[in-house]
Participant: 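Got a structure here, written out as structure tokens. Questions coming.
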Amino acid sequence: MVDEPLVIAGQVFSSRLIIGTGKYETYEQNARAAEAAGAEIVTVAVRRVNLTDKDKPLLVDYLDPKNYVYLPNTAGCFTADDAIRTLRLAREAGGWDLVKLEVLSDQKTLYPDMAETLRATELLVEDGFKVMVYCSDDPVYARRLEDAGCVAIMPLGSLIGSGLGVQNPVNIRLIVEQSDVPVIVDAGVGTASDAAVAMELGCDGVLMNTAIAEAGNPILMASAMKHAVIAGREAYLAGRMAKKRYADPSSPLAGLI
Amino acid sequence: MVDEPLVIAGQVFSSRLIIGTGKYETYEQNARAAEAAGAEIVTVAVRRVNLTDKDKPLLVDYLDPKNYVYLPNTAGCFTADDAIRTLRLAREAGGWDLVKLEVLSDQKTLYPDMAETLRATELLVEDGFKVMVYCSDDPVYARRLEDAGCVAIMPLGSLIGSGLGVQNPVNIRLIVEQSDVPVIVDAGVGTASDAAVAMELGCDGVLMNTAIAEAGNPILMASAMKHAVIAGREAYLAGRMAKKRYADPSSPLAGLI
Amino acid sequence: MVDEPLVIAGQVFSSRLIIGTGKYETYEQNARAAEAAGAEIVTVAVRRVNLTDKDKPLLVDYLDPKNYVYLPNTAGCFTADDAIRTLRLAREAGGWDLVKLEVLSDQKTLYPDMAETLRATELLVEDGFKVMVYCSDDPVYARRLEDAGCVAIMPLGSLIGSGLGVQNPVNIRLIVEQSDVPVIVDAGVGTASDAAVAMELGCDGVLMNTAIAEAGNPILMASAMKHAVIAGREAYLAGRMAKKRYADPSSPLAGLI
Amino acid sequence: MVDEPLVIAGQVFSSRLIIGTGKYETYEQNARAAEAAGAEIVTVAVRRVNLTDKDKPLLVDYLDPKNYVYLPNTAGCFTADDAIRTLRLAREAGGWDLVKLEVLSDQKTLYPDMAETLRATELLVEDGFKVMVYCSDDPVYARRLEDAGCVAIMPLGSLIGSGLGVQNPVNIRLIVEQSDVPVIVDAGVGTASDAAVAMELGCDGVLMNTAIAEAGNPILMASAMKHAVIAGREAYLAGRMAKKRYADPSSPLAGLI
Amino acid sequence: MKITINGEPHEIEQGLSIFDLAATLELAPDKIAIERNRSIVPRSTFAETRLCDGDHIEIVCFVGGG
Amino acid sequence: MKITINGEPHEIEQGLSIFDLAATLELAPDKIAIERNRSIVPRSTFAETRLCDGDHIEIVCFVGGG
Amino acid sequence: MKITINGEPHEIEQGLSIFDLAATLELAPDKIAIERNRSIVPRSTFAETRLCDGDHIEIVCFVGGG
Amino acid sequence: MKITINGEPHEIEQGLSIFDLAATLELAPDKIAIERNRSIVPRSTFAETRLCDGDHIEIVCFVGGG
């Protein structure tokens, strides 16, 4: 049995692990982590160019947009308008229309503002963007986002950068069951088993940044995450054994001497 | 950074996943699962030959002892004497002295009888066996077993065949911290993330049977487990990020338009 | 140290446990459960009177509105308009303006429709109602509901009637930390420890129905819940001990013989 | 339905909460906590009298042995012989034969040494003691201890003083199912819900020290624990509702306007 | 004349008031609330409010609910 | 004349185009996007787009982010 | 003469060796282990080991197990 | 003469009984237990039990403990 590939807005991906490009010691380390993770998509931020320091290294010189799908995000945007403005600049800069939308509520929780997020999604779809949406695990809003035409639903496992894993597996499961577009857990993964758990719930992929960038050895953790996502996906497709209250021997009872 | 291989009683293994050979629909399915799992060691039971049905398939014709290290177990033994008798026959049949000891307490829980298990370990070591011991997660007994000369400590994650995962991560962690021989979680793994969790605790390997054999698709689950064990191991070696109570942005706050 | 009482919209309550009045075998059993729970508030539904069967028992004949604060809910309403219409009838029927709003999304999950819920809250507050709102555990919407003038925020622990306990303690904690009106976990409690956990997070109260009504012995479970809510509240106020990775003796090390 | 009282070695107790007397700021605080907990049994240590400081306060002057059953423990003993010697002195000092045995393995984990614990139990029973035994959650050893004549089995929830709650509910449940003497979770409780969880598993009681003594407000936490134990006990006796994967409405679907 | 009560057609005589209707249906006025053609009829006006042909009446009360 | 670039005031000579500006700032046009007074300037029009006194210019590029 | 194999009574002729027995039972000697009256018979001695009346024989092999 | 109490050397006069010792140490006999050379001295025999040179005495009481 072979798994069908991940398809987002018509693009086919063999990797189900998307990684961020923030918080790494260097872009060089970032590039090695991306390679170890087997990632095909990397999220990137849009910021003002540095006019004072010309020699500052550029992301594109380490992670070649020819080899990685750049997924511009709107991290740091707290209104639909800021997010849309940011993504229009991103589209101009990179020429891509596949984007990651996040409209945040406050600096302390970075929890998505779902009303603004839905509004921004509608406007961006209208404007021709293919929108992957960072969202809460509210299954009702997940449905609205899909109705609004987003190409991927990306509910948080737990707060951005918290590493607390999937807090509410029930909601993630409900979203997976009802969605026709890919569901990708975004934010909250802290270690490999967290990523496996997310995939075992039936998610189509996982997006993470801090879990790799802030690991003791980011390159090795990137590889761990690659395997964890495959493990969780295959376990979901294989179908796990039933849990039992008591023991059940694995060796035959017959033929004992 | 490259992981050192798993060394048990001087033998070097590149795989950290040991699988059982019970409960499969056929030996042929079993063999394909072993291959998908990348297993180098398989546990086997010792039973009376079938005198009536000569054409009954033989395990050795599907899993070649030249390609897999056969690890004879004592499943079904409830006394030290039965276990020792069984393993002596196994040694004669296969010519191997690396064995898996389990001395069980009762049919309902298959929980190890630690007093008998320790006694059997001492006698088997005395008799020249290299003993891998299925045991409870009692760190005190784990120490005694190591003092008695066992070559691997194999605490249960949860009851054999229950699929309830690692019930007591604290005890497993304590055993890992104190042990100089490999610690391999034996029994209890239900799905991929359970195996990853066990490895993230610092275990040297995982042994499982039902989780693969009773999965909807055993071959695919075997592959899932292979990746899960690698994922958990690498995550342990890499060192996970710290958990945080609040959010922590992955994109720079500076340079926002 | 004495706990301050629960104050909702100016009304003072000594009990922090609110119970529903659905699913009981009889209203008589319901009344005994309410007494065992020490409840001061009971939620009630508004439905068409039964014109055919005049002898059908009436709730008010078993749970006297003079002894219990009736909290009319909008269970079964899937739009703001239905909810408002229902609560206006409730106000006319009972003369009370303290109400429980729930605007649901679908029959399968009964998850709150937060956009409609916020809209209904604004209209009801405008109309002079004191609104206690069943909501998701989205901290952003919780803030909006408080800004809209609701008198209590009632996030779900898990799906109504599921008995899965508090799925996302992090979000509940965030809501508690930010709210100036009482936070009452509504829905999801399955057994006593679930209620204690909710209160230990700092919630001001718990609302439940199924956990009591569908217990083997509803009266006894009602009493269990009364104690669980007090236990969780006092533990929260007392402040729990720190968790430790290793042991810490309770008896003095000095003076051993 | 009324719960039958807790009976230990023929003595009848209405409280199911046993508390320790260590780690309190003062014996006076200790006494107030014992009262708030509604405890009838308190564990005490046996130590050399202080010959230098005559004015040192005495436990018996604050917790009157006439009002509380003193349960002498063997905390700090790492061999059966030390434990037996300590309890013989305790019996002489107090004239009581109901004792708490603990034979520990090492200072870091204070994990029970089960082989020595069983040996000590046999000798103490032989010597006429009524032995309540602190033990691991190994169901096989729990059975042996009962066969040896102990009057109560007291498995650890987690390491002494760790506050990590019940780590292995499956084993505790197995011990409860098989035991004819009271099963009392000893050690590991950190907050109220932990105690409720232990009782919901069917335990006959809970013994704790640090969770109360090291709480911010020990007196209030003692009261919280009193309620938590009652809550968990009643929930166990009442029988909890079934868990459901989806929602289940509490209000009637019929009669909607 | 014909009116609808709680979704069911009913035949009643001319000139009945809401109060009369409640009485006919043996409903205690203080335990119910009534909507007439989507607008609430205050209990204080039950007596003076006359029913007209084609009225849609909703009569509700409190029942057990979560 | 005076313009604002990324929030900072800059003094530049008359008649410069966006393209000239990028050149002056040593920025590779294909790695940036430019907003002029809140509306995007397509890269294809960099050369013909002349800067005016008081223009507010935003110049952005991709940086690492989660 | 009568012997017991794996708990079942068997009638065999005089003077058979363990080796002969395995052959009769069509068992490959290298895939089995044999116990005679509770003590193991080394494979190397199959041929010279003669069975006696009343012997209790256990013949085992490896089967799938966890 | 010399005895050891709770691990510490003590000089006491000849012929003292356990009871006398407790009195000297201002210890209430009913709140303590005493071991003499590893064997328990029943409280009932405190008075008649005379201390000998070199005795090892342990005197214990109850203290707070978990």
Side-chain angles (χ1 to χ4, degrees), chain C residues 1 20 22-23 45 47-48 73 75-76 85-86 89 108-110 159-164 190-193 196-197 200 209-211 213-217 220-221 223-225 227-228 230-232 234-235 237-257, chain D residues 1 20 22-23 45 47-48 73 75-76 85-86 89 108-110 159-164 190-193 196-197 200 209-211 213-217 220-221 223-225 227-228 230-232 234-235 237-257:
Chain C
M1 166 179 183
K23 296 181 168 179
R47 293 290 183 269
R48 286 169 165 173
N73 70 23
R85 181 182 173 201
T86 300
L89 279 164
K108 185 181 179 187
T109 68
L110 300 178
L159 297 184
I160 291 173
S162 68
L164 295 176
T191 187
S193 52
V197 165
E200 285 166 355
N209 188 336
T210 310
E214 288 191 356
N217 180 335
L220 191 56
M221 185 59 87
S223 173
M225 291 300 182
H227 288 290
I230 294 170
E234 292 185 336
L237 294 172
R240 67 159 288 154
M241 66 178 283
K243 292 182 180 182
K244 311 195 184 80
R245 279 172 64 82
Y246 298 101
D248 184 5
S250 296
S251 298
L253 300 178
L256 282 161
I257 52 175
Chain D
M1 168 179 184
K23 295 180 167 178
R47 294 291 183 268
R48 286 168 166 174
N73 71 23
R85 182 183 172 200
T86 300
L89 279 164
K108 184 181 179 188
T109 67
L110 300 178
L159 298 184
I160 291 174
S162 69
L164 295 175
T191 186
S193 52
V197 165
E200 285 167 356
N209 188 337
T210 310
E214 288 190 358
N217 179 335
L220 191 56
M221 186 58 87
S223 173
M225 291 300 182
H227 288 290
I230 294 170
E234 292 184 337
L237 294 172
R240 68 159 287 155
M241 66 177 283
K243 292 182 179 181
K244 311 195 184 80
R245 279 173 62 83
Y246 297 102
D248 185 5
S250 297
S251 298
L253 300 177
L256 281 161
I257 54 174

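This structure is a prediction, so every number in the text was calculated from the model and none was measured. We name chains A, B, ... by the order of the sequence lines, and we start the count at 1 in each one.
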Participant: Is the shortest heavy-atom distance from the side chain of E234(D) to the side chain of H227(C) under 4.5 Å?
Facilitator: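 Yes; the side chains approach each other to less than 4.5 Å.
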Participant: Quick one: pull up CZ in R47(C) and CG in L89(C) and give me the separation to the nearest 0.5 Å.
Facilitator: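 Going from CZ on R47(C) over to CG on L89(C), the span is 12.0 Å.
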Participant: Which atoms of T191(D) come close to chain C, meaning under 4.5 Å heavy atom to heavy atom: side chain ones, backbone ones, both, or neither?
Facilitator: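 For T191(D), the contact with chain C is made by backbone and side chain together.
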Participant: Could you check which of I230(D), N209(D), I160(D), L159(D) has the highest count of heavy-atom pairs closer than 4.5 Å to chain C?
Facilitator: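 Maximum pair count with chain C is reached by I160(D).
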Participant: Distance-only criterion, 3.5 Å: show the donor-acceptor pairs between side-chain atoms of residues 248-257 of chain D and protein atoms not counting sequence neighbours.
Facilitator:
from, atom 1, to, atom 2, distance (Å)
D248(D), OD2, K23(C), NZ, 3.4
S250(D), OG, T210(C), OG1, 3.3
S251(D), OG, G66(E), N, 2.9

Participant: Any chance you could measure M225(C), atom CE, to L220(C), atom CG, to the nearest 0.5 Å?
Facilitator: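 It comes to 11.0 Å.
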Participant: Check each atom of A242(D) against the heavy atoms of chain C and say whether the ones under 4.5 Å are side chain, backbone, both or neither.
Facilitator: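 The answer is the backbone of A242(D).
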Participant: Taking only residues two or more places apart in sequence or in another chain, which ones pass side-chain contact (heavy atoms from CB on, under 4.5 Å) with A215(D)?
Facilitator: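 Result, side-chain contact (heavy atoms from CB on, under 4.5 Å) vs A215(D): M221(D).
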Participant: With chain D as the partner, which of G190(C), A228(C), A196(C) has the greatest number of non-hydrogen pairs under 4.5 Å?
Facilitator: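 If we count pairs closer than 4.5 Å to chain D, G190(C) comes out on top.
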Participant: At a heavy-atom distance under 4.5 Å, which candidate from G22(D), G163(D), G20(D) has the highest pair count against chain C?
Facilitator: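 So the answer, after comparing G22(D), G163(D), G20(D), is G163(D).
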Participant: Using a 4.5 angstrom heavy-atom cutoff, name the option from G216(D), A75(D), A224(D) with the most pairs to chain C.
Facilitator: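 With the most close heavy-atom pairs to chain C, the winner is A224(D).
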